[in-house]
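Notes for the one structure printed next.
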Amino acid sequence: MHYIAIADTDTGIAKQTNQDGVLIKYGKCVKGEVLLAVVCDGMGGLEKGEVASAAVIREFARWFEEELPYELEQLDLRVIADKWSLLLKDLNRKIALYGKKQGAKLGTTFTGVLFAEGRYVAVHVGDTRFYRLDKALKQLTADQTFVAREVRKGNLTPAQAETDKRRNMLLQCIGASEKIEPEILTGVVKKGAYLLCSDGFRHKISEEEIYEALSPKRLSGRESMRYNVRNLIERVKNRKEKDNISVILVNVV
């Protein structure tokens, strides 16, 4: 399998700084290509959210360079997922300690995916999302938010959740939660596209619009991927989204 990946991030129309962080790391091994994709959303209502997201991005870039080569000697995605969870819990503690020393409260969401040997592992904290695009757009991660939990319980409809004032209330995030329990997903990689994004990307556009622009049939190469993603970001900005906006698109061919 061949992976073509692009990332785009935008401060947006309202904020002075971009608190999001994105990471793509690509490599080759004996058994094929390896790709790491991460999106972090530094908490917009908290101070120094960009510090939290950048700290997580740096640590996963280091992990890819220093630790992944040893993991590939005998790949076990569940082992990697457990190690990522421990890494995120350690980052949660370190970021919280830093915030305490600085007299500031900061945090970040995390959605990270490793594609290797025809499979993927995804680890997730917060409300950044991981999607698959094939014949439709399918959300793979579950939002760890108050309203998403209420929808799952049947207390809110999805339509009500979209406009609920509590829709940005996270149940956990790295650096601002006493404890975190990351969601872990594994699966078989299929030809088509995969999408990671911050919540700023998806609030002002529909799933139908995302699929129409980013479905595999619309992705003829890297340039078309960049063009279609940028068009969606501009559409989101034109609709007055105030948050930072970040996207990673992976096409599997």
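Every value quoted in this text rests on a predicted model; they were computed, and no experiment measured them. The figures that follow rest on heavy atoms only: side chains count, while hydrogens, waters and symmetry mates do not.
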Atom CG in Asp82, atom CD1 in Ile184: separation rounded to 0.5 Å?
5.5 Å
Between Ile174 and Leu171, is there a shared hydrophobic cluster once you connect ILVMFWY residues whose side-chain heavy atoms come closer than 4.5 Å?
no
Do Cys40 and Ile57 make a side-chain contact, defined as non-hydrogen atoms from C-beta onward lying under 4.5 Å apart?
yes
Hey, quick one: are Phe146 and Ile180 part of the same hydrophobic cluster, counting side-chain heavy atoms closer than 4.5 Å, chains of contacts allowed?
no
Identify the two heavy atoms, one from Ser215 and one from Leu133, that lie closest to each other, and give their separation to 0.1 Å.
N-CD2, 4.1 Å
With distance as the sole criterion, is a donor-acceptor pair present between the side chains of Asn18 and Thr9 under 3.5 Å?
yes
Closest heavy-atom pair, Ile245 versus Gly200, reported as atoms and distance to 0.1 Å, is CG1-O, 3.9 Å
Just to verify, which of Arg152, Arg149, Arg129, Arg167 counts as forming a side chain to side chain donor-acceptor pair (under 3.5 Å) with Asp143?
Arg129
Salt bridge check: are Glu181 and Lys89 linked by an N-O gap of less than 4.0 Å?
yes
Quick one: does Ile80's side chain get under 4.5 Å of Trp63's, heavy atoms only?
yes
For the CG atom of Leu214 and the CD atom of Glu209, what is their distance to the nearest 0.5 Å?
11.0 Å
If you measure from CD on Glu150 to CZ on Arg166, what distance do you get to the nearest 0.5 Å?
6.5 Å
One should read off an interatomic distance between Asn168 CG and Asp243 CG, to the nearest 0.5 angstrom, of 7.5 Å
Would a distance-only check, ignoring hydrogens and angles, find a side-chain to backbone donor-acceptor pair under 3.5 Å from Asn92 to Leu88?
no
What residues join Tyr194 in its hydrophobic cluster, counting side-chain heavy atom gaps under 4.5 Å, either direct or through other members?
Met1, Tyr3, Val22, Ile24, Tyr26, Leu35, Val39, Val113, Phe115, Tyr120, Phe130, Leu140, Leu185, Val189, Leu196, Ile248, Val250, Val252
Indicate, with yes or no, if Met43 and Phe201 share a hydrophobic cluster defined by side-chain heavy-atom contacts under 4.5 Å among Ile, Leu, Val, Met, Phe, Trp and Tyr.
no
Main chain of Ser246, side chain of Ser198: is a donor-acceptor contact present, judged purely on distance under 3.5 Å?
yes
Are Arg119 and Val121 side-chain neighbours, meaning at least one heavy-atom pair lies under 4.5 Å?
no
When rounded to the nearest 0.5 angstrom, what is the spacing between CG in Leu91 and OG1 in Thr108?
10.0 Å
Among all residues two or more places apart in sequence or in another chain, which pass the side chain to side chain donor-acceptor pair (under 3.5 Å) test with Arg218?
Glu212
Walk me through whether Lys83 and Glu67 qualify under salt bridge (charged side-chain N to carboxylate O under 4.0 Å, His left out).
CA-CA 11 Å; Lys83 290 182 177 180; Glu67 298 186 31; 6.0 Å; no
Nearest heavy-atom approach of Lys204 to Arg239 is O-NH1, 2.8 Å
Closest heavy-atom pair, Arg226 versus Ala7, reported as atoms and distance to 0.1 Å, is NH1-O, 4.1 Å
Intermediate values then yes/no, side-chain contact (heavy atoms from CB on, under 4.5 Å), Val56 and Ile95:
CA-CA 9 Å; Val56 175; Ile95 292 170; 4.1 Å; yes
Rounded to the nearest 0.5 Å, how far apart are CG of Leu106 and OH of Tyr98?
7.0 Å
Verify the cluster assignment for Leu249 and Val253: are they in a single hydrophobic cluster under the rule of side-chain heavy atoms below 4.5 Å apart?
yes
So do the side chains of Ile205 and Arg235 get within less than 4.5 Å of each other, counting heavy atoms only?
yes
Please test Asp10 against Lys237 for salt bridge (charged side-chain N to carboxylate O under 4.0 Å, His left out), starting from the C-alpha separation and ending with a verdict.
CA-CA 9 Å; Asp10 197 294; Lys237 291 166 65 177; 3.1 Å; yes
Closest non-hydrogen atoms of Ser53 and Gln19, given as atom of the first, atom of the second and distance, are OG-O, 2.7 Å
Report yes if the side chains of Ile6 and Arg222 come closer than 4.5 Å at any heavy-atom pair, otherwise no.
yes
Quick test of your reading of the model: are Arg62 and Glu65 salt-bridged, counting only N-O distances below 4.0 Å?
no
Show your working on side-chain contact (heavy atoms from CB on, under 4.5 Å) between Val147 and Met169 and close with a plain yes or no.
CA-CA 8 Å; Val147 295; Met169 187 184 298; over 6 Å; no
Check whether any side-chain heavy atom of Thr11 sits under 4.5 Å from a side-chain heavy atom of Asn244, and report yes or no.
yes
Test log, rule side-chain contact (heavy atoms from CB on, under 4.5 Å), inputs Met225 and Ile4
CA-CA 9 Å; Met225 293 168 67; Ile4 305 170; 3.7 Å; yes
List the steps and the verdict of side-chain contact (heavy atoms from CB on, under 4.5 Å) for Val125 and Thr109.
CA-CA 5 Å; Val125 177; Thr109 66; 5.9 Å; no
Indicate if Leu170 and Val151 have the same hydrophobic cluster label, given that clusters are the connected sets of ILVMFWY residues with side-chain heavy-atom separations under 4.5 angstrom.
no
Any salt bridge linking Asp90 with Arg93? Criterion: basic side-chain nitrogen under 4.0 Å from a carboxylate oxygen.
yes
Residue pair Val123 / Pro182: nearest heavy atoms and the distance that separates them:
CG1-CB, 3.6 Å
